[in-house]
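Everything below concerns the one structure shown next.
Hydrogens, waters and symmetry mates are skipped; everything else that's a heavy atom, side chains included, is used. Convention: sequence-line order gives letters A, B, ...; per-chain numbering from 1.
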Amino acid sequence: MSLQGLQSLLDGILMGGVYALAALGLSLIFGVLKITNFAHGAMMTVGMYVVFALGNDLGLNPYLALPFAMVLMFLIGFLIQRFPIHYIEHAPTHNQLLLTLGMAYILENVLLVIFTPNYQTLTVKGFEKAWRIGSLTFAPAKLIAFGVVIIVTGCVYYLLYMTNTGKSIRASAQNETGAKLMGINVRNIRAIAFGIGAVCTGIAGGLLTPIMSIYPTLGETFQLKCFVITVLGGMGNLWGALVSGLIIGVVESLSGYYLGGSWSEMVIYGIFILILFLRPTGLFGRGNRREN
Amino acid sequence: MLTITDLHVGIGNLKIIQGISLEVRRGEIVSLMGANGVGKTTFMRALSGLGHITGGTVEFEGQDITHATSQEIVEAGLIQVPEGRQLFSLMSVKENLEIGAHTKRAKARMKENLEYVYTLFPELKEMNSQAAGNLSGGQQQMVAVGRGLMADPKLLILDQPSIGLSPIMTQKVLKAVIDIHIRGVSVLIAEQNIHDVLKIAHRAYVLEQGLIRASGTAQEMAENAEIKAMYLGH
Amino acid sequence: MKTKKVEQGTLLVLLLMAVIYPFLSDRYMLSVGISVLLMALLGQSWNIMSGYAGQFSFGHAAFFGLGAYASSILYVDHGVSPWIGMIAGMAVAALVGVLIGFLSFRYKLRGDFFALVTLAFAEILRVLFNNTKALKAATGILIPYKDVWSEFQFANDRIFYFILLAMVIAATIFIGLMSRRKFGVCLIAIKENQEAAGSLGVPVLKYKLLAMAISAAIAAMAGTFYAQYYGFIDPTVVFSAAISVEAIVPCIIGGAGTLGGPLLGALIIVPLKELSNNLFEGVNGVNMIIYGVLIVLFVVFCRDGIYGTVIRRLKGARS
Amino acid sequence: MQYIMESERKPMRSKRIFLLLMTALLALSMVLSGCKSQTATDTIKIGSVHPLTGSMAYEGQAMVNAQKIAIDKINAEGGINGRFLELVAKDSLGTSSGAANAALKLTNSGVVALTGTYTSSSAQVVSRTAEKTRIPLVVTVASSDNLLSNGYRYTFRVQPSVSVFSQNFLKYLSYFKTDDMETVAFIYENSNYGAGISEYITDHIDETGLRIVGMLSYPATTSTMSSEVTKLAALDPDLLVPIGYYSDQNLFMKEVLERGIQFKKIVGCANGAFSDAKFLRTYGTQVDGIYDINYRYNPNSEEAQYMLETYREVYGEDIPVHAIYGYESIMVVADALKRCKNPDDPEELRDAIAASEIYEHVLPQGVIKFDEKGENINSAGVLVEIRDGKHIIVFPEEYADHDEVQK
């Protein structure tokens, strides 16, 4: 592989980390709660704007703004699940889709009203230049994002597998009746799970704020990519989401380098269709396949 | 301990349970018998707060739980081992048991209860880290009963625990029920397999078309010619 | 039998209204009327595949776009009348629909997964058309401006309106007739329980593919109309997810799997959207917030759709 | 069908539904057409159709902002023969049907002219609407080449189209082309604007003596430009031509600057980022030496100064260059209105616009005059250089400004 190929691979891995985190949120919501969430991109954008607002108006370092974004995102996620989504949990997929789409319109346009549609850019001091190792370059914001992604994924793993709340979440996902009969407040647990999903999504958005210029509908561009990653990794499978996030990042970057950016979209959707046909439980086979 | 008066339960517009009165006294094993589809499961689910109760009352330990949520009911000590076991199939046996101890009360006695479950079903200890979904039907039923015990029940409801089990497994489960009863837990058990269950029950009710058709002590029921003809079949 | 009468009655009333409407309205209202009908047609198309047969599509833009492109390319590059082009487009879309369906059903995709596959196909077509020079790539196709009926071009929008109305009526009658025959009963059986239907001897795959073909063909018809009426198409317009959404919205609002649902749904949501556009001109975004809220409220409080709920109430009144 | 089997229901219900629906229809038609009666007769209304929500909302809103400034200016100067202008702006929602409905709503409410629409697909739809309703449309921004190829009588375009920009590029090449410049690479977003320009230029590249070493296209919604930057760095063309919208081109430059890649010469063509004030605010002098062929105001025009300052004052930022054409579109309409005997007659207005000869305007071009297709015959972009963190017009010579125009 040429040096440029290597650089593309590296860029793909770093960007893939952010995709992975964004998809992790979707994977939780999609796999655990069985909700086809088309407000996912919009939720990401909310995270972006929270970090932007704190960074731009209060001068807070964007990475210090992340905890605030997390709290807010948790609340938003909790409320979205608790109010509208709760009522359509067992409704057909298209009802869920339309409802979350409606939520997306609301979120995006609330952002539009508050922040105007202007493109916003947040620059971080000291991040103007890439870091280098030999001839390879690392964009600092992407590198940090990658680190945060690993940490957050670890935390979510801990939360889901080591804590009582996490166990209740997984239990409710696997068997709602069983969970209720053990005295789990499934309604709250689901709202918490959605909240956690929203937090991951929001962090992913927040991490992108120093990387891209943001505008209210930016999240839409991540929507489908997140679905691809989620299905590829197996729904509800954390490590699956992480690995396939990286895969998609790398595929995008390499196909962008060798075939051109216009066709890399095509390659990703092609992979998506193949995976849906051939391994709908995901590459790692542990995701739960949904049937209606 | 559990007093049910004129209970009505529906699913959608359908009226499934049309006025059942039933009682479980402290220290009893009571059996609810009936053929497939007479509404046993609907009735049982309603007791745990998973049904649409349209009339009547359910009283547990002097407390009205007719419209309580399933959490409140579990907290009060009325625990159900549901039909079809409803395990968390991707989680390990150990995790399944741990989740059983979800309430505060149960958490406080978790260690003790876990030990008891392991003495009751020693094989569970060996399967601790296996995913519950990979176990055989009988093993799964043991996990389900164990999980119910982890919730520290005062009254344990078992909904058709022998369904799909081999005769040996069925015996094992019923033996466990006796053991549990000896330990001071009252039991309400729904069964199609009347022959076996009447051997361990004190009293029994027969459910038919959403109504109690007959009731009495286990012995009376076992000797009732009509019931013999209908359910015991031989 | 009375419910059936209500259904027929409602449809008749809708028809009557639709026929009178253009004579009461000015150009703007006529244009809104065309938006309503276009959404209704797309909705009807979605309805047969997803509402009746239960195969939930989120990629109807694929068929819509194919229809628009097939007739436009034939017209602009080869001088073929769009009337004929429309038939060709319907055939192409039906073929692609069957292909997508065959692959999906062969690999046993259902529910969300089927929806995502259709979405992915629509996106692939968008990228493909956007990057293929022979298909005019990103430049899109401009339809010549004429007033020649044989070329599906009219200076008078009222004629466009009635043509579209005829399409909606044709699609509705077609679906209505189909749904009352064995085909429709089988589709519902497939939706309720595919395995059971199969074991009862319903040719599941054949019927599902047939439903997809019909659905795709109707969407393609809408696509041709769109190209001819608005006069311009490009890949980002006709293959966009927004079109796929337009196919779903009226069905959910009106009631999926009911004959009048998509019609009523379109009749309600389009004017409401237009109304919020007109009422909240001052602060941008508020119109879309209102639209979002409307959708959320409809989905939460009217799960079977307005038409579906009315029908259910009527049936419920009996017991 | 499930319902067929059902029975027993009160009669008359279908009648009730009928009445209900008819009432709803009546109410709706009254509400929808309601604004008609509210028309205040003494203002002359100009309609504006732009995307005000969705992904193009910023561009659309800036356009409307600039139009408002133009309207205010005319009104402050006494309006049109004593009558004031009024801008009625509607959201096109960025869709064809949205644009058509918005345009018709405007023509309904009595506008004498339409302006719009930023996106080419909406412009195509609105131009057709203009033709049908016989109300003139002055395009603010829509660069698609085939916009006027249908022979519409009522559509006029002030701004340079894709091919004009491309011709400008080829013409202005002489300014920045050096003798040792041999290779050129393009990086462009692949919608009809980016792809259109790059295609036109490549078709005529032989005339320039340059050799194309790279044609990189990407979707405007991309979230990363890393592989493109890597590839271009390896190609190391003598001339790099980026064409795209603000957010994607900003992403591109960000990656280039982060990695410290020194391209020999970067000349954007209608680049959404390079000519934007925000771009300079973000990167300052780091982007010195970049050229862009783009929309611009005429630095020597006093009116342009007025427009700049007012925009900055009212909206707190520099006017985005595309919005200048929003401003000028109103001026074109106003100029024509002044020459009309009856300003309320769109037909007369159309003829007046067609006969426009505007010498005093804010654009860096000669007289504004339309050919028979409706295209502004002198439309042109200018070559802007970023020097000391500022935009300076360097070519053509007559619009070159060496004084500091902006702060």
Mind listing the closest non-hydrogen atom pair of [X] and [Y] along with its distance?
X: A/I273; Y: C/I124; value: CD1-CD1, 3.8 Å
X: C/L109; Y: A/P280; value: CD2-CB, 4.4 Å
X: A/P84; Y: C/V296; value: CB-CG1, 4.0 Å

Against chain A, label [X] side chain, backbone, both or neither, depending on which of its atoms sit under 4.5 Å from a heavy atom there.
X: C/V117; value: both
X: C/R126; value: side chain
X: C/S57; value: neither
X: C/A115; value: neither

In a check of side-chain contact (heavy atoms from CB on, under 4.5 Å) between A/L99 and each of C/I252, C/I295, C/L297, C/V300, which one passes?
C/V300

What residues of residues 235-248 of chain C make heavy-atom contacts with chain A at a cutoff under 4.5 angstrom?
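Residues of residues 235-248 of chain C touching chain A at under 4.5 Å: C/V245, C/I248.
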
Does the A/N95 side chain pair with the main chain of C/R303, one donor and one acceptor, at a distance under 3.5 Å?
yes

For chain C, which candidate among [options] shows the most heavy-atom pairs at distances under 4.5 Å?
options: A/L278, A/I88, A/L97; result: A/L97
options: A/E108, A/H94, A/H86, A/M266; result: A/H94
options: A/Y105, A/Y269, A/F272; result: A/Y269

Out of C/L119, C/V127, C/I290, return the one with the most heavy atom pairs under 4.5 angstrom to chain A.
C/V127

Selection from C/N287, C/N130, C/L128, C/I253 maximising heavy-atom pairs under 4.5 Å formed with chain A
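Max contact count across the listed options: C/L128.
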
How long is the straight-line distance from [atom2] of [Y] back to [atom1] of [X], given to the nearest 0.5 Å?
X: A/T36; Y: C/F56; atom1: OG1; atom2: CZ; result: 7.0 Å
X: A/L276; Y: C/F121; atom1: CG; atom2: CZ; result: 9.5 Å
X: C/L116; Y: A/L224; atom1: CG; atom2: CG; result: 7.5 Å
X: C/F113; Y: A/T93; atom1: CZ; atom2: OG1; result: 10.5 Å

Under a 4.5 Å heavy-atom cut-off, does chain C meet the side chain of [X], its backbone, both or neither?
X: A/Y87; value: both
X: A/L98; value: both
X: A/V231; value: side chain

Test A/F30 against C/D112 for side chain to side chain contact (heavy atoms under 4.5 Å, CB included), laying out the working first.
CA-CA 10 Å; A/F30 197 31; C/D112 298 349; 3.3 Å; yes

Could you check whether the rings of C/Y107 and A/F277 sit parallel, tilted or perpendicular, using 30° and 60° as the cut-offs?
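Ring orientation of C/Y107 relative to A/F277: parallel.
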
